[in-house]
Amino acid sequence: MTKACKLAAGNWKMNGLRADLAEARALASGLASPSCGVLLCPPATLISAMAESLAGSVVMVGGQDCAAQASGAHTGDISAQMLADSGARHVILGHSERRADHGESSELVAAKAQAAHDAGLVAIICLGETEAERDAGQTLDVVLGQLAASLPQGAVAANTVIAYEPVWAIGTGRTPTLAQIAEVHDALRAKLPDAAISLLYGGSVKPGNAAEIFAIANVDGALVGGASLKAADFGAIIAALDAA
Ligand code: PGA
């Protein structure tokens, strides 16, 4: 069985102006040659400038969403091909903030992931239960249901990454226990169409908890929000993944 690649992915969300590219450059210049992939997903307005400013470094650049359609009359939307043309290699899809704020269903996420694949992008598909769903004992049902419905045909390790992000752990400073993360990741690995697809954990990953999370068997990396905005914090998380 091919082993999944390790990936540290930063999600800047709706944060970052041109001046903040200095933080991305500081991150890149502080990295020697990590054994894991390193990715920053800034807002769409910064993708092109970040890709130019990080050219030649190990840090890859990605988007945070794309349209399901390839082109056309979709005011305000951005196609996967446009992201690729701007220098993106990856795109985050189905983040819980988009599922909640924009009503994105798993079926729409699968269509977007198909569009990403068609444009040559790696789709990072996000899944996760709400606190109420966890309290009701529905975590595995919810997450495995989202996985089945959000994956497009032809999803393999070369074009797809899965991020398990419990909604209640995002931006809250709360994380599941290591056993809870392991339970979900083990269940996800067993259902992947390609066992070498990387499985990231996301939700309040910080320098202080990264090493113990990366020591979990089926955790191949992290999707990091708040802590990816600061080069020192994200750099420390990357170092923990590198050492795992
Ligand atoms: P957080 O966000 O690291 O700030 O909790 C994670 C995410 O939403 O991807």
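Counting starts at 1 for both ligands and their atoms, in listed order.
Between the side chain of S57 and the backbone N or O of V59, at least one donor-acceptor pair lies under 3.5 Å.
Around NZ of K206, the count of heavy atoms belonging to other residues, nucleotides or ligands within 6.0 Å exceeds 12.
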Intermediate values then yes/no, salt bridge (charged side-chain N to carboxylate O under 4.0 Å, His left out), D77 and K112
CA-CA 12 Å; D77 288 339; K112 290 183 171 197; over 6 Å; no
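No side-chain heavy atom of V156 sits less than 4.5 Å from a side-chain heavy atom of P193. Contact of the E183 side chain with the L140 side chain is registered, since non-hydrogen atoms from C-beta on lie closer than 4.5 Å.
A distance limit of 4.0 angstrom between heavy atoms and ligand 1 selects the residues N11, K13, H95, E165, A169, I170, G171, G203, S204, L223, V224, G225, G226.
Salt bridge annotation for E104-R99: absent, with no cationic side-chain nitrogen under 4.0 angstrom from a carboxylate oxygen.
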